[in-house]
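Beneath this line is the structure, given in structure tokens, with notes to follow.
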Amino acid sequence: NIPKKMIDFIKTLKGENKFSIALSNYGGVSGQTIANLQKLIKKQNFSFVGGFALHTPENTPILITKGHANENAPNENELNEFNLFIESINEFFNIYNSNGTFTRIKNYYGKGKYVPAFPRASSKFYSKFFDSNFKVSKEKCIGCKICIDICAYKAISFDELPSFDESKCYKCWACYN
């Protein structure tokens, strides 16, 4: 899924038919991030050239601790797919620059994994990994309040320990340390 901050940023852009390319990375499954980025970008009057989702190691702490780290991603085939995508982008611009013709290139979603997008905070898929509320360890929290400063959604307040406003939290894990 596309982070809210990215959606808000894209909505500030005015494409005026400029070209755009969407790149995404994913740890488990790629979802519909590229397709959703394409829709969002087109609404801002960009000409969508193509998109690629690259499989990368998982960065969500709870999934890593559950053994879903994908430490060897991307593999050789995934890197080859990415290189083909980059070659097709280069080819697109070479053709466009030589004759001004616009032909949309193929989207690459990586390993053929393409599933519906869903908000992490409420997804049935993620519910088996996430508690409904974050829990902060009294033994591990040193009270530095870095989590408050780093939270882009202003979802954290601090009393004795950090507490999370679930209505604002997007479970991006920026606060995790």
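- Within the 4.5 Å cutoff, the side chain of Asn45 has no heavy atoms near those of the Lys14 side chain.
- Heavy-atom minimum distance, Phe46 versus Ser20: CB-OG, 3.7 Å.
- Between the CG atom in Leu79 and the CG atom in Leu54 there is a gap of 6.5 Å [rounded to 0.5 Å].
- In this structure Asn25 satisfies the side chain to side chain contact (heavy atoms under 4.5 Å, CB included) test together with Thr56, sequence neighbours excluded.
- Closest heavy-atom contact between Ile156 and Cys147: CD1-O, 3.4 Å.
- Counting only distance, with no hydrogens or angles, the side chain of Asn70 and the backbone of Ala73 share no donor-acceptor pair below 3.5 Å.
- With values rounded to the nearest 0.5 angstrom, Ser88 atom OG is found 10.5 Å from Asn83 atom CG.
- When all heavy atoms of Val136 and Leu161 are compared, the pair lying nearest together is O-CD1, 3.9 Å.
- Taking both residues in full, the closest heavy atoms of Cys141 and Pro162 are given as SG-CD, 3.8 Å, listed atom of the first, atom of the second, then distance.
- For Asn80, the side-chain hydrogen bond (donor to acceptor under 3.5 Å, both in side chains) criterion is met by no residue, not counting sequence neighbours.
- Residue Ile142 is not grouped with residue Phe164 when hydrophobic side chains (ILVMFWY) are merged at heavy-atom distances under 4.5 angstrom, including chains of intermediate members.
- The side-chain hydrogen bond (donor to acceptor under 3.5 Å, both in side chains) pairs that include a residue from residues 142-159 are Ser157-Ser163, where partners are two or more places apart or lie in different chains.
- Atom NZ of Lys39 sits about 9.5 Å away from atom CD1 of Ile2, to the nearest 0.5 Å.
- Separation of the Phe52 and Phe82 ring centroids falls under the 6.0 Å cut-off.
- For Glu139, the side-chain hydrogen bond (donor to acceptor under 3.5 Å, both in side chains) partners two or more places apart in sequence, or in a different chain, are Ser137.
- Remark: side-chain polar atoms of Gln44 are not paired, donor with acceptor, to backbone N or O of Ile41 under 3.5 angstrom.
- Looking only at side-chain heavy atoms (C-beta outward), Phe48 and Leu37 stay at 4.5 Å or farther from each other.
- Residues passing the salt bridge (Lys or Arg N to Asp or Glu O under 4.0 Å) test with Asp8, sequence neighbours excluded: Lys4.
- Here Thr12 pairs with nothing under the side-chain hydrogen bond (donor to acceptor under 3.5 Å, both in side chains) rule; sequence neighbours left out.
- Rounding to the nearest 0.5 angstrom, the gap separating the OG1 atom in Thr33 from the CG atom in Leu40 is 11.5 Å.
- Looking only at side-chain heavy atoms (C-beta outward), Glu81 and Leu84 stay at 4.5 Å or farther from each other.
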